[in-house]
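Lettering of chains follows the sequences in order, A, B, ..., and the numbering in each one begins at 1. Quick note: numbers below take in every heavy atom, side chains included, and nothing from hydrogens, waters or symmetry partners.
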Amino acid sequence: MVSKIQSVKGTREFYPEQMALRNFIYDKVRAASRSFGYQEWDAPFIESIDLYAAKSGEELVKKQSFTFTDRSGDFVTLRPELTPSLARMIVAKQGELTFPVRWWSFGPFWRYEQPQKGRGREFFQWNIDMLGVSSPEADAELIAVGATFLRSVGLSPQLATIYVNNRRLMDSQFDALDIAVEKRMDVSNLVDRRSKMEPAKWDAYAFELGLNESQLVGLKDILANFDLWKKSDELVRLFAALESLGVKDYVKFDPNIMRGLLYYTGTVFEAFDTSGSLKRAILGGGRYDNLLADVGGQPLPAVGFAMGDMVIGIILQEKGLLPEFIPSPAPILMTIFDESLMQESFSLSAELRNAGLNVLCYPEPAKLQKQFKFADKMKARVVLTLGPDEAANAQVTVKNLVNGEQVTVTRESVFEVIQKILAGVIS
RNA sequence: GAGCCUGUAGCUCAACGGCAGAGCGCUACACUGUGGCUGUAGAUGUUGAGGGUUCGAAACCCUUCAGGCUCCCCA
């Protein structure tokens with residue numbers, strides 16, 4: 001008895017309908033990236049574990065990466081993130097690249113996590129970065145790319161918001177409370193967890209981390225102050241640029257946005273669906289000015305963000321923002337009337353393909369009813385029939401499945417008639 | 001890595017420890033040159049897998065796999 005082999009935990013199978021969703025996201029990602037002039041690139045899918053050991057979090061490297069030894073005994077990792085590969089590739093050609101570099105990528109990543117809604121072990125991720133510019137206006141451009149994407153998939157500012165904060169601003173606020181530099185990580189973590197903990201427990205946790213009463217009160221004041229951005233020149237400039245770029249209605253300052261990652265140095269941001277059930281970020285990123293120097297390059301400022309395909313995919317499905325799924329990429333079905341007319345029908349389909357049309361040919365003679373039903377299932381818009389009557393007069397019958405109208409025309413004019421029908425359907 | 005919930009037809013779900021069912025979908029026919037809509041008929045299946053308790057298990061117990069909700073983490 002052969003037992004069924006199921007797919008690996010946390011992976012997804014892409015049947016044509018799911019593939020259409022993935023391609024929809026890819027198309028929108030590509031369009032948003034290209035509209036700002038970003039170049040597409042990619043890195044290897046497998047990398048040495050050492051690449052991540054240098055700068056990624058310990059959690060990521062030790063617990064959440066797919067790592068194995070290859071046949072020669074070397075440790076290799078299925079990439080859990082792209083930024084270290086980006087840093088290496090930039091450093092390798094730092095002397096010959098034209099800056100600012102604007103690059104984007106969309107590809108697969110793997111993390112050994114507990115699968116949940118919106119989170120799997122194999123997923124696709126959009127990464128987009130600008131390197132070589134340290135201005136808040138560069139930060140604004142990346143946020144604008146994200147907002148442009150959200151708008152392009154039908155997520156209005158009412159449905160999705162990009163929350164912005166700034167690490168330097170928060171650090172200065174922490175300094176003002178006499179919170180030691182060594183404690184910043186802990187306090188960031190504390191801020192991150194606030195929404196998940198009961199207030200009393202959160203207070204207790206704060207004291208546990210060594211904050212005193214006045215520091216806790218001060219921290220709460222900071223986190224409740226949504227005008228704090230006015231104290232940051234960077235954020236004032238950022239919001240001015242966002243206004244000019246036409247995306248300010250997507251963006252809100254929020255001092256509670258921290259982001260766990262160690263390497264962020266300035267502006268950080270995260271986009272959320274404001275109305276949905278999913279509490280996960282759609283996209284997130286920020287400025288990381290020290291990373292390239294840390295991995296051995298010349299100092300180079302950088303800003304970027306990443307977006308996984310799972311959360312956005314679920315949101316788009318839940319909100320009904322996906323286009324209708326059309327099973328067949330060919331809008332035209334050529335029927336096969338009977339054995340004797342099969343070759344002629346194949347020839348006609350070939351002629352139409354040569355003329356640039358996508359044509360789905362029924363593969364064998366069958367009842368017309370069956371073939372029309374098939375056309376309907378495939379959501380074809382035009383069905384061609386070449387029966388004895390048509391063959392005798394060098395004609396073809398063309399049926400418009402959208403409005404049910406049918407005409408019999410000469411073979412020479414079929415192409416034109418079909419084009420008119422397809423054009424009419426679109427408009 | 002930890003806790004809790006769930007798993008029955010292709011899909012969504014019923015079935016008190018006592019004959020495995022419904023809706024949708026699917027197939028055929030009504031209609032021997034025409035889809036959708038309608039009507040009629042038909043097939044749905046190792047109840048996730050393995051073991052145990054019981055006269056009898058989809059149900060109870062154990063193990064395991066998968067999904068979901070938390071913790072963790074979110075690069």
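Residues A:Tyr288 and A:Asp129 have side chains that bring a donor and an acceptor to within less than 3.5 angstrom of each other. Between the side chains of A:Thr397 and A:Glu390, at least one donor N or O sits under 3.5 Å from an acceptor N or O.
Between A:Phe149 and A:Trp126, the ring centre distance stays below 6.0 Å.
Note: NZ (A:Lys9) to P (B:U64) measures 12 Å, nearest angstrom. Nucleotide B:C74 holds its P atom 22 Å from the CD1 atom of A:Ile312, rounded to whole Å. Between A:Arg280 atom CZ and B:C72 atom P there is a gap of 12 Å when expressed in whole angstrom units. Between the P atom of B:C74 and the OH atom of A:Tyr112 lies a distance of 19 Å, rounded to the nearest Å. The distance between atom CD of A:Glu198 and atom P of B:U70, rounded to the nearest whole Å, is 16 Å. A straight line from CZ of A:Phe269 to P of B:C74 spans 17 Å, rounded to a whole angstrom. Taking atom CE on A:Met307 and atom C1' on B:C74, their separation rounds to 16 Å, with Å as the unit. Counting to the nearest Å, the C1' atom of B:A66 and the NZ atom of A:Lys117 are 17 Å from each other.
A salt bridge does not link A:Arg287 to A:Glu234: none of the charged side-chain nitrogens sits closer than 4.0 Å to a carboxylate oxygen. Salt-bridge formation is detected for the pair A:Asp175/A:Arg184: a Lys NZ or Arg NE/NH1/NH2 atom is positioned less than 4.0 Å from an Asp or Glu carboxylate oxygen. The existence of a salt bridge linking A:Glu318 and A:Lys117 is confirmed by a sub-4.0 Å separation between a basic side-chain nitrogen and an acidic carboxylate oxygen.
The main-chain N or O of A:Leu159 is found under 3.5 Å from a side-chain atom of A:Thr274 such that the two form a donor-acceptor pair. Panel note: side chain A:Arg79, backbone A:Ala43; a donor-acceptor pair is recorded below 3.5 Å. Judged purely by atom type and a 3.5 angstrom limit, A:Ser172 uses its side chain to pair as donor or acceptor with the backbone of A:Leu169.
When heavy atoms are screened at a 4.0 angstrom cut-off, A:Arg12 is found touching no nucleic acid atom at all. Residue A:Gly10 is classed as a sugar-phosphate contact, given heavy-atom separations below 4.0 Å to backbone atoms only.
Separating the P atom of B:A15 from that of B:C73 is a span of 41 Å, rounded to the nearest Å. Separation of the C1' atoms belonging to B:G21 and B:C31 is 33 Å when rounded to the nearest angstrom. Comparing the P positions of B:A49 and B:G10 gives an interatomic distance of 13 Å, to the nearest angstrom. To the nearest whole angstrom, the two P atoms, one in B:G1 and one in B:A58, are 33 Å apart. Look at the C1' atom in both B:G35 and B:G45: the space between them is 31 Å, to the nearest Å. For the P atom pair drawn from B:C5 and B:A9, the interatomic distance equals 22 Å after rounding to whole Å. A gap of 12 Å separates the C1' atoms of B:U46 and B:U8, to the nearest Å. Comparing B:A20 with B:C62, their P atoms are spaced 26 Å from each other, to the whole Å.
Residues passing the side-chain hydrogen bond (donor to acceptor under 3.5 Å, both in side chains) test with A:Asp203, sequence neighbours excluded: A:Lys220.
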Task: Where protein sits on nucleotides 30-36 of chain B, one letter per nucleotide: B base, S sugar-phosphate only, - none, heavy atoms under 4.0 Å - done: -B-BBBB
Open item on the list: Output the pairing pattern of RNA chain B as a dot-bracket string, 5' first, Watson-Crick or G-U wobble with both distances under 3.5 Å, | for cross-strand pairs, [ ] for crossing pairs.
Closed with: (((((((..((((....[..)))).(((((.......))))).....(((((..]....))))))))))))....
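Along RNA chain B, the nucleotide nearest to A:Ala306 and the one nearest to A:Arg121 differ in position, and the one closer to the 5' end is contacted by A:Arg121.
On a pure distance criterion of 3.5 Å, a polar donor-acceptor pair joins the side chain of A:Arg119 and the base of B:C73.
Residue A:Arg259 places its side chain closer to B:C74 than to any other of B:A66, B:C72, B:C74. Distance from the side chain of A:Gln114 is smallest to B:A2 among B:G67, B:A2, B:C73.
Atoms CZ and CG, on A:Phe45 and A:Leu78 in that order, are 10.5 Å from each other to the nearest 0.5 Å.
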